[in-house]
Amino acid sequence: MPELPEVQTIVTTLRPSLLGRPLSNVRLLRPDILHPSGLELPAKVNGRRVADVTRRGKKIIIQLDDGESFFIHLGMSGRLTLEASASQLPLHTHLVISLPENRELRFTDPRRFGGVWWIGDDYHPDSGLGPEALDLIPAYLIERLARTKRAIKTALLDQKLIAGIGNIYADEALFAAGIHPTTLTHRLKPDQITALVRAIKKVLTRALRHKGSTLRDFRNADGQPGGFQKLHRVYDREGKPCHNCKTPLLRLVLGGRSTHFCPSCQKR
DNA sequence: GTCCATGTTCTTTA
DNA sequence: CTAAAGAACATGGA
């Protein structure tokens, strides 16, 4: 579910309800989603107020008023929602934190690829992550793509290269830039990479405006689905006509992931 | 039963 | 040795 637009939408909907609020009654229902395992999360969090809620790549970072922080990664199926305390706990709810006025923050994740990572007071926002997709500079990508040879689609999913892009927006950005997904990175021309940077920002910005894509799991912190799935040009549209040229769209598997493209608009 | 899924990381191969 | 490809993780829906 969660690529940059979805994660940012959650942060945007979560932030006003959390800022300055005290956290209490931390319940870790499924201890194995916490890293490092065995950490006494309630002792660290209970009684603290939320100083900030931000995003880095696909991570949701919660900073506390004592200078410590932790992040939540939603994996494939995670949700982070604000609910009335009286409402029933859904299946696969792994963490619940109480808020004032009988509300609570809940982390739910059937597949458990997501989880909670304690950061502490030594936060390095860039550790292991490339630059934010929305801050990309063509010169950076031109330099980085020249020293590797792999399919551009696979490279776009590499969070160490660019932070925030996942399978949906990689396909959509390559279509918008007119680049075939199997093109090897070192063969891309500077003009193409510049167009790709522009396409990435355009697609992500449009998705943000529509509050993300909901294929099945994604909901924002208020439980609302996104709307951008209706505007996908290629993702999950195998066999359907291209919006530009009516050619039936194709699907192939790259790096183990479904890849959707137009064989006419995205030539090698 | 089979296949597939919005992600990441570890292992295997080249 | 390094980079790239593949497998694994856990669960549910078609």
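Every chain is numbered from 1 and lettered A, B, ... according to where its sequence line falls, protein lines coming before strand lines. We use all heavy atoms of the structure for the numbers below, so side chains are in, but hydrogens, waters and symmetry mates are not. Keep in mind the model is a prediction, meaning the values are calculated, not measured.
Using a 4.0 Å heavy-atom distance criterion, A/Y235 is classed as a sugar-phosphate-only contact. At the heavy-atom level, A/G166 lies under 4.0 Å from the strands shown only through sugar-phosphate atoms. Residue contacts for A/R251: at a heavy-atom cut-off of 4.0 Å it reaches the sugar-phosphate backbone alone, with no base atom in range.
For the pair A/H92 and C/dG12, the criterion of a side-chain N or O lying under 4.0 Å from OP1 or OP2 is met. Look at A/K160 and you won't find any side-chain N or O under 4.0 angstrom from OP1 or OP2 of B/dT8. Residue A/H73 places at least one side-chain N or O under 4.0 Å from the OP1 or OP2 atom of B/dT8. For A/K58, a side-chain nitrogen or oxygen approaches OP1 or OP2 of B/dG7 to under 4.0 Å. For A/T148 and C/dA4, the shortest distance from a side-chain N or O to OP1 or OP2 is below 4.0 Å.
Using a 4.0 Å cut-off between a side-chain N of Lys or Arg and a carboxylate O of Asp or Glu, A/E143 and A/R147 qualify as a salt bridge. Between A/R56 and A/E132, at least one side-chain nitrogen of the basic residue sits less than 4.0 Å from a carboxylate oxygen of the acidic one, meeting the salt-bridge criterion.
At whole-Å resolution of the value, CG in A/N167 and P in B/dT8 are 11 Å apart. Spacing between atom NZ of A/K149 and atom P of C/dA3 amounts to 12 Å, rounded to whole angstrom units. One can place CG of A/D32 at 14 Å from P of C/dC9, the figure rounded to the nearest angstrom. Atom pair A/H35:NE2 and B/dG7:C1' shows a separation of 13 Å (rounding to whole Å applied).
Nearest-nucleotide positions on DNA chain C for A/R216 and A/R147 put A/R147 closer to the 5' end. Comparing A/Q159 and A/H260 against DNA chain B, the residue whose closest nucleotide sits nearer the 5' end is A/H260. In this structure, A/R111 and A/L184 both approach DNA chain C, and ranking their closest nucleotides by distance from the 5' end singles out A/L184.
Judged by distance alone, with hydrogens and angles left aside, the side-chain atoms of A/H73 form a donor-acceptor pair with the main-chain N or O of A/G75 at under 3.5 Å. The closest donor-acceptor contact from the side chain of A/E172 to the backbone of A/H232 lies at 3.5 Å or more, if one exists at all.
Pairing partner, B/dC3: C/dG13, with both Watson-Crick or wobble hydrogen-bond distances short of 3.5 Å.
Atoms CD1 and CZ, from A/I10 and A/F218 in turn, are 5.0 Å apart once rounded to the nearest 0.5 Å.
Residue A/R150 places no side-chain atom within donor-acceptor reach of the base of C/dA5, judged by atom type and a 3.5 Å distance cut-off alone.
The aromatic ring of A/F113 is stacked on the base of C/dC9, with the two ring centres less than 5.5 Å apart and the planes inclined by under 30°.
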